[in-house]
Amino acid sequence: QVQLVESGGGSVQAAGSLRLSCAVSGATIGRYYCMGWFRQAPGKKREGVAYNNINSVSTYADSVKGRFTISRDNAKNTLDLQMISLQPEDTATYYCAAGVSWHLCRGAFVDGFDHWGQGTQVTVSP
């Protein structure tokens with residue numbers, strides 16, 4: 001059974017940094033063409049924040065470009081998200097997901113991923 005478990009969330013002040021990690025068990029991350037980080041704020045739809053494909057090509061939502069960096073650690077079997085210059089509007093529950101389909105990394109897809117984590121809360125205060 002494949003499981004994704006996020007960690008690293010917390011509360012920070014604006015301009016602070018956090019590093020999220022998504023530990024994958026039951027499969028190696030190399031099995032998944034596309035992996036991503038998503039977030040959902042109260043009352044809003046879940047949105048894609050950053051995507052990373054098996055060729056290490058990454059794409060980002062415009063709102064986080066230059067501030068967030070997604071990366072895979074094949075040795076640790078994790079997907080990480082380094083976040084700097086955090087702003088209150090980044091407050092949300094953050095989820096990681098993994099998908100085998102190549103098309104998932106070709107656009108801001110949210111649906112279609114095979115496995116999801118349970119989420120980790122990030123709160124940024126002014």
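These values consider heavy atoms only, across backbone and side chains, with no hydrogens, waters or symmetry-generated copies.
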Is there a path of hydrophobic side-chain contacts, each under 4.5 Å between heavy atoms of I/L/V/M/F/W/Y residues, joining [Y] to [X]?
| X | Y | result |
| --- | --- | --- |
| Trp37 | Val2 | yes |
| Leu4 | Leu81 | yes |
| Phe38 | Leu20 | no |
| Leu104 | Tyr95 | yes |
| Val24 | Tyr51 | no |

Is it the case that the side chain of [X] and the backbone of [Y] share a donor-acceptor pair, with hydrogens and angles ignored and the cut-off at 3.5 Å?
| X | Y | result |
| --- | --- | --- |
| Asn77 | Ile29 | yes |
| Gln3 | Gln1 | no |
| Ser58 | Asn52 | no |

Exercise. What disulfide (SG to SG under 2.5 Å) pairs are there with at least one residue in residues 47-99, not counting sequence neighbours?
Worked result: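 Residue pairs passing disulfide (SG to SG under 2.5 Å), neighbours aside: Cys22-Cys96.
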Under the side-chain hydrogen bond (donor to acceptor under 3.5 Å, both in side chains) rule, collect the residues that match up with [X], sequence neighbours excluded.
| X | answer |
| --- | --- |
| Arg31 | none |
| Thr59 | none |
| Ser71 | none |
| Tyr94 | Arg39 |

Just distance, no hydrogens or angles: give the donor-acceptor pairs under 3.5 Å from side chains in residues 105-122, sequence neighbours left out.
unit_1, atom_1, unit_2, atom_2, d
Asp114, OD2, Val100, N, 2.8
His115, NE2, Tyr32, OH, 3.2
Thr120, OG1, Gly9, N, 3.3
Gln121, OE1, Thr93, OG1, 2.9
Gln121, NE2, Ala92, O, 3.4
Gln121, NE2, Thr123, OG1, 3.4

Report the residues that fulfil side-chain contact (heavy atoms from CB on, under 4.5 Å) with [X], sequence neighbours left out, ordered by chain and then residue number.
| X | answer |
| --- | --- |
| Lys65 | Tyr60, Asp62 |
| Ser125 | Gln13 |
| Ser17 | Gln82, Ile84 |

Exercise. Apart from Trp102 itself, which Ile, Leu, Val, Met, Phe, Trp or Tyr residues share its cluster (side-chain heavy atoms under 4.5 Å, direct or through members)?
Worked result: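 Members alongside Trp102: Tyr33, Ile54.
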Problem set entry | Minimum-distance pair of heavy atoms, taken over all atoms of Ala14 and Pro88 |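 Nearest pair, atom of Ala14 first, then Pro88: CB-CD, 4.2 Å.
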For this session: Please report the shortest heavy-atom distance between Ser21 and Thr78, naming the atom on each side.
Result: OG-CB, 3.8 Å
For this session: Can you run down the salt bridge (charged side-chain N to carboxylate O under 4.0 Å, His left out) pairs that involve residues 70-81, sequence neighbours left out, and say none if there aren't any?
Result: Arg19-Asp80
Exercise. What residue pairs, at least two apart or across chains, pass salt bridge (charged side-chain N to carboxylate O under 4.0 Å, His left out) with a residue in residues 6-17?
Worked result: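 Those involving residues 6-17 do not exist here.
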For this session: Tell me, with the steps shown, if Met83 and Val12 meet side-chain contact (heavy atoms from CB on, under 4.5 Å).
Result: CA-CA 11 Å; Met83 306 185 294; Val12 296; over 6 Å; no
Problem set entry | Spacing of OG belonging to Ser11 relative to CG belonging to Leu18, to within rounding of 0.5 Å |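 Between atom OG of Ser11 and atom CG of Leu18 there are 8.5 Å.
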